[in-house]
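Here, residue 1 is the first one in the sequence, and each next residue gets the next number.
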Amino acid sequence: MAIAQEKHAYLQAVPERGVVNNVLVVDDSRAQRRILSSYLGRWGYMVFEAASGEEALDVCRSEAIDLVVSDWMMPGMSGLEFCQEFRQLEREHYGYFILLTSKSDKTEVAQGLDIGADDFLTKPVAGDELLARIRAGERILRMERELTEKNRLVSSTLTEISALYDSLDRDLVEARKLQQSLVRERFRDFSSAQVSLLLRPSGHVGGDLVGFFPINDQQFGIFSIDVSGHGIASALMTARLAAYLSGSTAEQNLAIQVGADGVHVPRNPSEVAANLNRLMLEEMETDLYFTMILGHFNRMTGDFVMTQCGHPNPIRQASDGVATFFGTGGLPVGLLPFAEFEDVHIRLAPGERILVFSDGVTECPDGGDGMLGEEGLIEMCHQISKETGNAFFDTFLWDLNNFNNDRDFPDDISAILLEYPGHNKV
């Protein structure tokens with residue numbers, strides 16, 4: 001009766017299936033193997049037997065063994081040595097290893113754990129204790145399989161994200177090339193005046209844009225734009241604005257109109273700013289806005305007319321290097337309806353020049369809590385006042401990098417240099 005009750009208890013206590021299916025019993029005693037295999041078979045496991053460590057390794061190489069029950073003391077390869085070899089096998093999943101031993105010395109048990117055993121059973125083995133240890137192994141293996149699957153999903157997701165990132169990165173590289181192509185020329189010699197441009201996005205693409213455009217034989221225009229925000233949306237806006245200001249005809253450029261004699265003449269910069277403000281608020285569905293300096297220069301007379309729309313004040317630099325800010329500030333474009341803009345008129349003397357910088361320059365950090373600021377910018381321009389054209393910007397960027405401790409610029413860097421030597425007039 002007691003035996004029947006024990007058997008019934010074992011059959012009712014069969015563990016959840018699915019994690020441990022194949023169990024290997026290793027013992028040089030055929031009788032011991034039969035006893036253990038009988039238990040395991042009744043619990044529904046597929047049982048494999050081996051009489052030695054060497055034979056057990058052959059079974060492990062050919063079958064997907066989930067759990068091992070191995071005697072410690074065996075002739076030839078011991079259970080401990082077999083466990084060590086078992087851990088060296090290439091396996092898809094972790095295998096749970098139970099050592100059968102009559103040893104009770106803590107040092108020897110610690111040695112077994114150090115080699116790679118997961119649990120121990122004292123011989124002779126009781127069926128209920130064996131089942132309890134297998135249940136513990138089931139729980140551990142189930143967690144291992146779940147963790148492996150989650151890691152697989154994470155790895156797969158990371159691979160997909162990496163592929164998407166690589167694709168996006170390639171697209172951004174191409175977008176950077178396209179944006180840089182908006183500034184087709186970095187230097188133009190208008191005989192008695194020269195214009196140089198600097199454009200350095202802080203990322204792949206940016207929201208800054210600088211440019212110039214011829215108007216007629218005597219006049220040309222310049223513009224410096226800084227769209228709010230960073231990234232793709234700002235870059236797309238700069239591309240659209242470039243279409244409004246980069247053309248050299250009245251049909252292509254909002255800043256040019258046809259005069260009474262049929263010759264192209266500049267529109268008042270303030271009028272152009274008002275038109276752009278209306279377009280931004282009424283026709284473009286966007287929360288973006290931009291700051292701008294838009295002006296035109298007469299290379300024969302030295303007259304410069306501009307409107308300033310929230311952009312940093314430009315600099316007027318005399319032939320002796322002395323630099324001063326000028327401008328009225330003004331409101332950004334696309335921020336407020338019915339914003340009013342005004343024109344500023346100055347006349348350059350031969351040897352003077354105008355410098356227009358974006359706020360990424362004055363707000364460039366120094367590596368600590370400070371930034372370049374307006375005074376630092378004036379001083380930097382004064383120190384390199386003898387440089388002209390692209391050489392000026394090459395030297396300027398070198399100095400700005402030194403100021404920033406050669407770190408990445410946190411904002412886009414853009415600038416215009418308009419020089420008026422005032423000679424070789426035609």
Participant: Would you compute the distance between atom CG of Leu348 and atom CG of Asp303 and round it to the nearest 0.5 angstrom?
Facilitator: 8.5 Å

Participant: Just to verify, which of Val210, Asp394, Leu417, Leu397 counts as forming a side chain to side chain contact (heavy atoms under 4.5 Å, CB included) with Leu198?
Facilitator: Leu397

Participant: For Asp71, is there an ion pair with Lys123 - N to carboxylate O distance below 4.0 angstrom?
Facilitator: yes

Participant: Can you list everything that forms a side chain to side chain contact (heavy atoms under 4.5 Å, CB included) with Glu63? Sequence neighbours excluded, please.
Facilitator: Phe48, Val59, Ile65

Participant: Would you please name every residue forming a salt bridge (charged side-chain N to carboxylate O under 4.0 Å, His left out) with Arg133, sequence neighbours left out?
Facilitator: Asp119, Glu129

Participant: When rounded to the nearest 0.5 angstrom, what distance separates OG1 in Thr122 from CG in Leu99?
Facilitator: 11.0 Å

Participant: Side chain to side chain donor-acceptor pair (under 3.5 Å) for Ser224 and His311? Distances and angles first, verdict last.
Facilitator: CA-CA 8 Å; Ser224 176; His311 212 68; 3.0 Å; yes

Participant: Could you check if a side-chain atom of Ile98 sits within less than 4.5 angstrom of a side-chain atom of Val68, using non-hydrogen atoms only?
Facilitator: no

Participant: State the CD-CD distance between Glu81 and Glu54, to the nearest 0.5 angstrom.
Facilitator: 8.5 Å

Participant: Does a salt bridge link Asp217 with Arg299, judged by any charged N lying under 4.0 Å from a carboxylate O?
Facilitator: no

Participant: Show me the donor-acceptor pairs, under 3.5 Å and distance only, between side chains in residues 366-376 and residues at least two apart or in other chains.
Facilitator:
{"from": "Asp366", "atom 1": "OD1", "to": "Gly368", "atom 2": "N", "distance (Å)": "2.8"}
{"from": "Asp366", "atom 1": "OD1", "to": "Gly370", "atom 2": "N", "distance (Å)": "3.2"}

Participant: Indicate yes or no for a side-chain donor-acceptor contact from Ser156 to the backbone of Arg152 under 3.5 Å, with no hydrogens or angles considered.
Facilitator: no

Participant: What closest approach, in Å, do Pro421 and Ser192 show between heavy atoms, and which atom pair accounts for it?
Facilitator: CD-O, 3.6 Å

Participant: Could you pull out all donor-acceptor pairs under 3.5 Å where a side-chain atom in residues 319-346 meets a protein atom, sequence neighbours excluded?
Facilitator:
{"from": "Asp320", "atom 1": "OD1", "to": "Val322", "atom 2": "N", "distance (Å)": "3.1"}
{"from": "Asp343", "atom 1": "OD1", "to": "Ser270", "atom 2": "N", "distance (Å)": "2.8"}
{"from": "Asp343", "atom 1": "OD1", "to": "Ser270", "atom 2": "OG", "distance (Å)": "3.2"}
{"from": "Asp343", "atom 1": "OD2", "to": "Ser270", "atom 2": "OG", "distance (Å)": "3.0"}

Participant: Using the side chain to side chain contact (heavy atoms under 4.5 Å, CB included) criterion, which residues pair with Pro365? Sequence neighbours excluded.
Facilitator: Asn404, Arg407, Pro410

Participant: Go through the structure and list residues passing salt bridge (charged side-chain N to carboxylate O under 4.0 Å, His left out) with Asp118, not counting sequence neighbours.
Facilitator: Arg87

Participant: With a cut-off of 3.5 Å and sequence neighbours excluded, list every side-chain donor-acceptor pair involving residues 377-392.
Facilitator:
{"from": "Glu379", "atom 1": "OE2", "to": "Gln383", "atom 2": "NE2", "distance (Å)": "3.0"}
{"from": "Ser385", "atom 1": "OG", "to": "His382", "atom 2": "O", "distance (Å)": "3.1"}

Participant: Within the 4.5 Å heavy-atom criterion, are Val69 and Val26 side-chain neighbours or not?
Facilitator: no

Participant: Looking at Leu209, Val272, Val356, which one forms a side chain to side chain contact (heavy atoms under 4.5 Å, CB included) with Phe223?
Facilitator: Leu209

Participant: Testing the basics here: between Ile416 and Phe393, what is the closest heavy-atom pair and its distance to 0.1 Å?
Facilitator: C-CZ, 3.8 Å

Participant: Taking atom CG as the centre, does Asn402 end up with more than 12 heavy-atom neighbours from other residues, nucleotides or ligands that are less than 6.0 angstrom away?
Facilitator: yes

Participant: So with a 6.0 Å cut-off around CG of Asn405, is the heavy-atom count from everything else above 12?
Facilitator: yes

Participant: Any non-hydrogen side-chain atom of Leu67 less than 4.5 Å from a side-chain atom of Asn22?
Facilitator: no

Participant: State whether a side-chain donor-acceptor pair under 3.5 Å links Gln219 with Asn216.
Facilitator: yes

Participant: Do you know the tightest heavy-atom contact between Arg267 and Ile256?
Facilitator: NE-O, 3.6 Å

Participant: With sequence neighbours left out, write down each residue that passes ring pair (Phe, Tyr, Trp, His ring centres under 6.0 Å) with Phe86, or none if nothing qualifies.
Facilitator: Phe97

Participant: Roughly how far apart are Thr307 OG1 and Asn268 CG, rounded to 0.5 Å?
Facilitator: 9.5 Å

Participant: Does a side-chain heavy-atom distance below 4.5 Å link Leu197 with Arg188?
Facilitator: no

Participant: If you look at every heavy atom in Val305 and Pro269, which pair is closest and at what distance?
Facilitator: O-CG, 3.8 Å

Participant: For the pair Arg145 (side chain) and His93 (backbone), establish whether a donor and an acceptor sit closer than 3.5 Å, ignoring hydrogens and angles.
Facilitator: no

Participant: What distance do Ile225 atom CD1 and Leu245 atom CG have between them, rounded to the nearest 0.5 Å?
Facilitator: 5.0 Å

Participant: Does any N or O in the side chain of Ser78 come within less than 3.5 Å of the main-chain N or O of Met74, such that one atom is a donor and the other an acceptor?
Facilitator: no

Participant: Do you know the tightest heavy-atom contact between Glu419 and Ser196?
Facilitator: OE1-OG, 4.4 Å

Participant: Taking it one step at a time, do Arg142 and Glu138 satisfy salt bridge (Lys or Arg N to Asp or Glu O under 4.0 Å)?
Facilitator: CA-CA 6 Å; Arg142 185 173 290 109; Glu138 285 261 319; 3.5 Å; yes

Participant: Does the pair Met46 and Val23 meet the rule for a side chain to side chain contact (heavy atoms under 4.5 Å, CB included), with working shown?
Facilitator: CA-CA 6 Å; Met46 175 67 71; Val23 179; over 6 Å; no

Participant: So, using side chain to side chain contact (heavy atoms under 4.5 Å, CB included) as the criterion, who are the partners of Asn275 when residues are at least two apart?
Facilitator: Glu271

Participant: Can you name the salt bridge (charged side-chain N to carboxylate O under 4.0 Å, His left out) partners of Glu283, sequence neighbours left out?
Facilitator: Arg278

Participant: Could you state the interatomic distance from CD (Glu352) to CZ (Arg347), rounded to the nearest 0.5 Å?
Facilitator: 12.0 Å

Participant: Could you work out, with salt bridge (charged side-chain N to carboxylate O under 4.0 Å, His left out) as the rule, every residue matching Arg139, not counting sequence neighbours?
Facilitator: none

Participant: Could you go through the salt bridge (Lys or Arg N to Asp or Glu O under 4.0 Å) check for Asp411 and Arg200 one step at a time?
Facilitator: CA-CA 9 Å; Asp411 197 1; Arg200 177 71 67 85; over 6 Å; no

Participant: Give me each pair satisfying ring-ring contact (aromatic ring centres under 6.0 Å, His included) with a member in residues 280-303, each pair once, sequence neighbours excluded.
Facilitator: Phe220-Phe297, Phe297-Tyr420

Participant: Do Cys60 and Phe82 have side chains that approach each other closer than 4.5 Å (heavy atoms only, starting at C-beta)?
Facilitator: yes

Participant: Using 30° and 60° as the class boundaries, would you call the ring planes of Tyr45 and Trp43 parallel, tilted or perpendicular?
Facilitator: perpendicular

Participant: Any donor and acceptor pair, going by atom type alone, linking the side chain of Thr238 with main-chain N or O of Asp208 inside 3.5 Å?
Facilitator: no

Participant: Is a donor on one side and an acceptor on the other found under 3.5 Å between the side chain of Thr159 and the backbone of Ser155?
Facilitator: yes

Participant: Flag the pair Tyr96 / Ile140 as yes when at least one side-chain heavy-atom distance between them is below 4.5 Å, and no otherwise.
Facilitator: yes

Participant: Taking the side chain as every heavy atom from C-beta outward, state whether Phe409 and Asn401 have any pair of such atoms under 4.5 Å apart.
Facilitator: yes

Participant: Is a donor on one side and an acceptor on the other found under 3.5 Å between the side chain of Ser162 and the backbone of Leu158?
Facilitator: no

Participant: Give the minimum heavy-atom separation between Ser358 and Asp226, together with the two atoms involved.
Facilitator: CB-OD2, 4.5 Å

